[in-house]
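All remarks here apply to the structure that follows.
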Amino acid sequence: MDSIHALLIAPSTPETQQLGELLTDSSTVRFRIDSVEHMDQALARLRTTRPDIAFLDTAVPGGQGPDDFCRLQNAFAGLPVIVLAGVDDLCSAAQTVQCGAHSYLVKSELDGEALIRHVRHAVRRRRAEADEFRSPMFHLAQQQFLKAAQLMRLDDNIRERLLHPQRTLVVTLPFRRDDYRHVETVIGYRVQHVLTMGPTKGGIRYHEDVDLGEVSAMAMWMTWKCALMHLPFGGAKGGVRIDPTALSRAEKQRLTRRYTMEIIDMIGPERDIPAPDMGTNEQVMAWLMDTYSQQVGRAVPAVVTGKPVVLGGSQGRKEATGRGLVFAIQEAAQHLRMKLDQSTAVVQGFGNVGSHAARFLAELGTRVLAVSDVSGALYHPQGLPIDAVSEYVEQHGSLKGCTLGERLTNQEMLELPCDILVPAALQDQITKENAERIQCKLLAEGANGPTTLEADEILDRRGVFVIPDILGNAGGVTVSYFEWVQDTQNLTWTLDEINDRLHTIMAGAFQRVLNHAQGDSIDVRTAALIEGIDRVAKAKLIRGLFP
Ligand code: NAD
């Protein structure tokens, strides 16, 4: 990193002067410092200059607290900002980090080395984001991580090492369309976030919006999820940027086999074990397992999880994410003194996770008022007959044309009054635009990343209890772990054994997170993240640094 242009937005005080000196005294980075003492001057300056970083003092004249960060971003989108706070102003500083600032420093505790480290991280991250990692989902994953890291005072080196994935592979791969004249070339990814904990583990997504940032975000969440559940894996994720609904079965098979070949050096039962995610299923895992096995010359069931039972798949894996989510909902309901047989639920997404969650909730007596998929939502004020809806989707491929209830849009459905809302489709569904209108008591996240940071704040203020994604949907990877254990040891467990073990692990993780959140007076998502991050950080510190 050669020279850094820093904008210092702070009143003239001895602390500000000390900060300037620490920057100019650095022997590793050359700084060009531009100082302004009023927020309006800073905004005017950003119209004419493009600094690499800004330091924003919470006590700057003309400042408006956490909103200052947004004002700076409006003037220069993507500007990395480090907040300078007094000891009595840490709450506002933390809120600014949550809005997107890189980090905050306490003015009375400034130390040259830490200061330069923060600057380097922030500038590097901005440069990486401006290129390959630019993605709202990755930004969300990083911002959640940074918020937790700040609260738990995570070691700076560990923080930098965990902010981006350790390994990423981007491939372009061709496959033949059914007419055998046409060759389609698509982009695929495999990302391994942390290699410290054991093999890496994570699903494969086929979706037209998949990009490196999205896959990296999900790999990062997988790391925290596995650590939170005490599973011996680091996080990974893969994907292909394609609309799977536009592929025939034969095309999907050719695509899957070619994608497997492209990533084959990265995967293996002791390296990295894929599983299904959106747009992929048991059949895709069977093709992946077969392609891998053909290459190594013997059957290797343990290379994937979520495969059919007849190939070494586990009982209960298909429905595990939905079942695990409902186990977590049962724990939350007990905490909130909610009776599930007198409650109502709304489920967004009627694929693997959503349809099973809806079914298990209905079995507990909860009235499932609405479900939805990409074609829209289906609503019945008395509760939908979930088995009949599942049968319809099985026969017709989606909810389109289903007359078992009234049709609503997905947005209308999310805002229905209900006790439990289960987002189980895509990321970025509950945002600052609709969070004020969400009317549930319990938000149980089946999807990865369905709630933005701003929406989290609003839900927290409105008293909505959130089961965060890394806890709520962890049943999938937990039973994937059981599948891997059975495959590597050549034994099989019954469905009852699987469900009992899953229940014990989900309930244990829920209680650990709840106790942490209550003990430290923090939100449940941050508590879950801290539980996961702390385990990974400890493992990294104990293993030490090679060489
Ligand atoms: P899936 O492909 O089986 O189902 C996705 C569902 O979402 C489909 O019903 C689809 O029609 C619907 N959908 C797509 N776009 C939509 C939109 N704009 N509005 C409403 N619905 C829409 O996928 P899945 O495996 O059930 O995964 C769903 C979510 O759960 C994803 O975020 C995934 O990462 C997460 N997840 C899945 C697992 C698993 O074991 N499958 C595990 C953990 C997390």
Side-chain angles (χ1 to χ4, degrees), residues 137 140-141 201-210 214-215 217-222 224-226 229 235 237-239 243-245 252 274-285 304-307 313-314 316-325 328 346-359 370-378 389-390 392-394 396-400 402 408-414 421-430 444-451 467-483 502 506:
M137 201 157 152
L140 171 66
K201 185 97 196 69
I204 290 176
R205 177 175 284 198
Y206 289 173
H207 194 277
E208 60 210 323
D209 293 336
V210 162
E214 178 174 312
V215 177
M218 292 192 292
M220 187 189 272
W221 284 324
M222 279 303 290
W224 314 143
K225 196 182 300 182
C226 291
M229 307 311 281
K237 206 80 185 187
D243 174 6
T245 60
K252 207 188 261 188
D277 190 75
M278 241 165 85
T280 59
N281 55 17
E282 285 193 334
Q283 178 59 74
V284 172
M285 294 306 112
V304 288
T305 57
K307 57 194 169 289
S314 178
R317 170 61 185 91
K318 194 154 71 173
E319 58 274 31
T321 311
R323 193 185 289 278
L325 183 62
V346 163
V347 180
Q348 185 196 37
F350 203 68
N352 180 313
V353 180
S355 66
H356 288 113
R359 176 155 72 87
V371 299
S372 72
D373 68 7
V374 69
S375 72
L378 194 66
V389 176
S390 296
Y392 181 92
V393 171
E394 187 100 341
H396 298 85
S398 79
L399 291 167
K400 196 169 175 195
C402 184
L408 296 178
T409 66
N410 257 293
Q411 276 316 313
E412 287 168 335
M413 188 199 75
L414 286 175
L421 177 61
V422 180
L426 294 172
Q427 61 276 10
D428 209 16
Q429 295 301 299
I430 299 164
E445 295 183 343
N448 283 309
T451 310
I467 302 176
D469 47 7
I470 63 164
L471 174 62
N473 67 31
V477 69
T478 304
V479 177
S480 273
Y481 164 64
F482 298 161
E483 183 173 330
L502 175 62
M506 289 300 300

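Just follow the structure's listing: the first ligand is 1, and inside any ligand the first atom is 1. Just so you know, residue 1 is the first one in the sequence shown, and it goes up from there.
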**Q.** Result of checking Leu325, Val422, Thr451, Ile467 against Glu445 for side-chain contact (heavy atoms from CB on, under 4.5 Å)
**A.** Thr451
Q) Name the one of Gln427, Lys237, Met278 that satisfies side-chain contact (heavy atoms from CB on, under 4.5 Å) with Asn448? A) Lys237
Q: State whether Arg205 and Glu214 are salt-bridged, where the test is any N-O pair (Lys NZ or Arg NE/NH1/NH2 against Asp/Glu carboxylate O) under 4.0 Å.
A: yes
Q) Just checking, is any N or O donor in the side chain of Asn410 or Ser372 under 3.5 Å from an acceptor N or O on the other one? A) yes
Q) Quick one: ring-ring contact (aromatic ring centres under 6.0 Å, His included) partners of Tyr481, sequence neighbours excluded? A) Phe233
Q) Are there more than 12 heavy atoms of other residues, nucleotides or ligands under 6.0 Å from atom NZ of Lys252? A) yes
Tabulate distances under 3.5 Å between N/O atoms of ligand 1 and N/O atoms of the protein, writing both atom names on each line.
residue: ligand 1; atom: 2 (O); partner: Gly279; partner atom: N; Å: 3.2
residue: ligand 1; atom: 3 (O); partner: Asn352; partner atom: N; Å: 2.9
residue: ligand 1; atom: 9 (O); partner: Phe350; partner atom: N; Å: 3.1
residue: ligand 1; atom: 9 (O); partner: Gly351; partner atom: N; Å: 3.2
residue: ligand 1; atom: 11 (O); partner: Val374; partner atom: N; Å: 3.0
residue: ligand 1; atom: 19 (N); partner: Asn410; partner atom: ND2; Å: 3.2
residue: ligand 1; atom: 26 (O); partner: Asn352; partner atom: N; Å: 3.2
residue: ligand 1; atom: 26 (O); partner: Val353; partner atom: N; Å: 2.9
residue: ligand 1; atom: 30 (O); partner: Gly446; partner atom: O; Å: 3.4
residue: ligand 1; atom: 32 (O); partner: Arg205; partner atom: NH2; Å: 3.3
residue: ligand 1; atom: 32 (O); partner: Ala425; partner atom: O; Å: 3.1
residue: ligand 1; atom: 32 (O); partner: Asn448; partner atom: N; Å: 3.1
residue: ligand 1; atom: 34 (O); partner: Arg205; partner atom: NH2; Å: 2.8
residue: ligand 1; atom: 34 (O); partner: Asp277; partner atom: OD1; Å: 2.7
residue: ligand 1; atom: 34 (O); partner: Asp277; partner atom: OD2; Å: 3.3
residue: ligand 1; atom: 34 (O); partner: Asn448; partner atom: ND2; Å: 2.9
residue: ligand 1; atom: 40 (O); partner: Arg317; partner atom: NH1; Å: 3.4
residue: ligand 1; atom: 40 (O); partner: Arg317; partner atom: NH2; Å: 3.4
residue: ligand 1; atom: 40 (O); partner: Thr321; partner atom: OG1; Å: 2.7

